[in-house]
Amino acid sequence: MASIVFDQVKKYYDGETPVVDHLDLEVRDGEFLVLVGPSGCGKSTVLRMAAGLEMVSDGEIRIGGRVVNDLPPQQRNVAMVFQNYALYPHMTVRRNLEFPLRMQKLPRREIARRVSKTAEMLGLSPVLDRRPKTLSGGQRQRVAMGRAIVRDADVFLMDEPLSNLDARLRIQIRTDIAALQARLRVTTLYVTHDQVEAMTMGQRVAVMRSGKLEQTAPPQALYERPASVFVAGFIGSPGMNILRAELASDDNGLAARINRFRLALPDDIFSRCPTLEAWIGRELLVGIRPEGISLADEHDDAGIPAAVRATESLGHETILHAAAEVTTVAFDAQTPFTAVTETPILSAVLRGHRPLRHGEPLRLSINSGNLHFFAPDGKAIGCPFHP
Ligand SMILES: Nc1ncnc2c1ncn2[C@@H]1O[C@H](COP(=O)(O)OP(=O)(O)OP(=O)(O)O)[C@@H](O)[C@H]1O
Ligand SMILES: [Mg+2]
């Protein structure tokens with residue numbers, strides 16, 4: 001086992017625009033770290049550089065303390081699992097599992113021992129003599145995992161290994177992979193664009209955008225204390241509502257003014273977030289999770305008047321998108337904190353099934369105990385736990 005360290009790593013394909021920029025990241029010994037981000041942000045490139053399939057343009061990659069920049073893939077002792085599995089169609093499952101070990105010229109008995117142990121661990125023993133095309137998608141996925149496991153590699157590198165599976169199987173296998181990794185304790189760097197996979201599988205999650213790391217933290221910390229509006233919008237479904245507001249202190253206490261509405265803030269807000277005080281009288285962005293918005297009594301003057309635009313009923317909860325007199329901003333995934341789009345839509349997650357008609361008027365109430373504050377450039381305002 002070994003740690004993987006990216007030290008100021010850069011990658012250019014064209015010599016000009018880096019697709020990976022100043023990457024500093026450590027996957028600790030035995031850790032399961034998920035690298036997540038939108039399509040094209042550079043995740044696969046990071047993984048392929050660690051595997052040795054792509055050259056590093058600048059900086060250093062160390063695996064188990066050893067600089068691997070110039071080592072060919074086979075000398076890095078890493079095992080990679082790809083999205084398309086890359087199984088040999090003309091070989092049986094047994095042959096597919098044996099293949100990497102034969103390449104290493106291991107003794108036959110050792111090969112047989114490892115293959116049978118791995119097959120047993122993954123429930124593949126009954127299908128060892130079958131060809132990949134006769135297997136289900138889930139079984140094929142397990143063969144691909146098996147081919148990584150037999151090698152006794154120091155680290156696993158996985159690039160979207162579940163994206164070819166249907167939704168139900170994906171849920172089952174993501175639990176299996178996390179359990180398997182916990183058992184084997186092999187340092188794992190796992191790439192996905194799916195925030196649910198990231199949140200459920202990673203011990204820590206690194207969020208990447210446009211070649212740069214936005215934040216690395218345990219899943220719950222990402223959810224509770226996103227370092228930027230980008231992370232706030234990416235983690236959670238629907239993402240956080242980000243509203244233009246002004247922080248005001250008046251006779252009635254402290255408030256966030258959101259258009260013509262006054263959202264009273266809790267008295268202890270400065271003790272929780274001291275640097276916020278410097279923002280009184282200034283424009284900032286207020287983040288509200290959809291779970292923090294509920295339906296207010298229709299006579300409640302504090303409620304924000306809104307009209308139903310769309311609802312999505314999931315049975316146990318209803319996602320409501322409602323138009324209101326607020327300005328919700330969204331940041332582009334590619335450009336650093338520009339290209340803002342503005343809409344008047346608030347998203348809320350309501351418990352249970354709520355049949356609501358399109359256009360139906362209602363009032364929304366915001367739970368002010370769980371707000372997030374961001375500077376206009378999208379970075380979280382330095383609450384104690386913020387970087
Ligand atoms: N061989 C290459 N030559 C030139 N540009 C490349 C090459 N490979 C990738 N890129 C570019 O580098 C950027 C990052 O690509 P990468 O495949 O790492 O993204 P990704 O985050 O894995 O995306 P996805 O979620 O779609 O797999 C993209 O803009 C891509 O077009
Ligand atoms: Mg990719």
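Counting starts at 1 for both ligands and their atoms, following the listed order. A quick note: this is a predicted structure, and the numbers were derived from the prediction, not measured. Index from 1, following the sequence.
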S.K.: Which residue owns the protein heavy atom closest to atom 12 (O) of ligand 1, what's the atom, and how far is it?
M.R.: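 Atom 12 (O) of ligand 1 sits closest to the protein heavy atom V19 CG1, 3.3 Å.
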S.K.: Have Y190 and E197 got a donor and an acceptor in their side chains that come within less than 3.5 Å?
M.R.: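 Present: a donor and an acceptor within the cut-off.
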S.K.: For the backbone of S3 and the side chain of T187, can you confirm whether one donor and one acceptor N or O come within less than 3.5 Å of each other?
M.R.: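 Pair absent, no side-chain N/O of T187 close to backbone of S3.
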S.K.: Between the side chain of E110 and the main-chain N/O of P107, is any donor-acceptor distance below 3.5 Å?
M.R.: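 Checking the backbone N and O of P107 against the side chain of E110, no donor-acceptor pair under 3.5 Å is found.
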S.K.: Compute the minimum heavy-atom distance from G37 to ligand 1 and say whether it is under 4.0 Å.
M.R.: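 The answer is no, since G37 has no heavy atom less than 4.0 Å from ligand 1.
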S.K.: Counting from 1, what ligand 1 atoms have a heavy atom of T45 closer than 4.0 Å?
M.R.: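 Counting from 1, the qualifying ligand atoms are 14 (C), 15 (O), 16 (P), 18 (O).
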S.K.: Can a donor-acceptor pair be found, under 3.5 Å and without considering hydrogens, that links the side chain of T318 to the backbone of R354?
M.R.: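 Confirmed, T318 side chain pairs with R354 backbone.
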S.K.: Could you pull out the closest heavy-atom pair between I319 and H321, with the gap in Å?
M.R.: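 Heavy atoms only, the tightest pair is CG2-NE2, 3.6 Å.
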S.K.: Between R260 and E325, is the salt bridge (charged side-chain N to carboxylate O under 4.0 Å, His left out) condition met? List the steps.
M.R.: CA-CA 8 Å; R260 61 189 179 86; E325 272 183 56; 2.9 Å; yes
S.K.: Can an N, O or S atom be found in T45 less than 2.8 Å away from the Mg ion (ligand 2)?
M.R.: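 For T45, the answer is no, given that no N, O or S atom comes within less than 2.8 Å of the Mg ion (ligand 2).
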S.K.: Should you measure from each heavy atom of E160, which atoms of ligand 1 turn up under 4.0 Å away?
M.R.: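 Heavy-atom distances to E160 below 4.0 Å select 25 (O).
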S.K.: Taking the inter-plane angle between the rings of H372 and F374 on a 0 to 90° scale, is it parallel (under 30°), tilted (30 to 60°) or perpendicular (over 60°)?
M.R.: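 Parallel: the ring planes of H372 and F374 meet at under 30°.
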S.K.: Could you tell me whether H193 and ligand 1 have an N or O pair separated by under 3.5 Å?
M.R.: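 In this structure, H193 places no N or O atom under 3.5 Å from an N or O of ligand 1.
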S.K.: Name the residue from V34, V205, T200 that meets the side-chain contact (heavy atoms from CB on, under 4.5 Å) definition with P219.
M.R.: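 It is V205; the other options fail the test.
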S.K.: Can you tell me which residue and heavy atom of the protein come closest to atom 29 (O) of ligand 1, and the distance to 0.1 Å?
M.R.: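 Among all protein heavy atoms, the one nearest atom 29 (O) of ligand 1 is G40 O, 3.9 Å.
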S.K.: Got the closest protein heavy atom to atom 26 (O) of ligand 1, with its distance?
M.R.: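 Sorting protein heavy atoms by distance from atom 26 (O) of ligand 1 puts S39 OG, 2.5 Å first.
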S.K.: Of the protein's non-hydrogen atoms, which lies at the shortest distance from atom 10 (N) of ligand 1, and what is that distance?
M.R.: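 Answer for atom 10 (N) of ligand 1: Y13 CE1, 3.3 Å.
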S.K.: Using a 3.5 Å cut-off on N or O atoms only, is C41 in polar contact with ligand 1?
M.R.: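 So ligand 1 has an N or O lying under 3.5 Å from an N or O of C41.
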S.K.: Please determine if K43 has a nitrogen or oxygen closer than 3.5 Å to a nitrogen or oxygen of ligand 1.
M.R.: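 There is such a contact, yes.
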S.K.: So if I count the atoms of ligand 1 from 1 in the order they appear, which ones are less than 4.0 Å from some heavy atom of S44?
M.R.: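 Near S44, meaning under 4.0 Å from one of its heavy atoms, ligand 1 has 17 (O), 18 (O), 20 (P), 22 (O), 27 (O).
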S.K.: Donor-acceptor pair, distance only, cut-off 3.5 Å: does the side chain of R363 make one with the backbone of L295?
M.R.: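 Between the backbone of L295 and the side chain of R363 there is no qualifying donor-acceptor contact (under 3.5 Å).
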S.K.: Under the 4.0 Å line, does any protein heavy atom show up next to atom 31 (O) of ligand 1?
M.R.: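 When distances to the protein are checked, atom 31 (O) of ligand 1 has no heavy atom within 4.0 Å.
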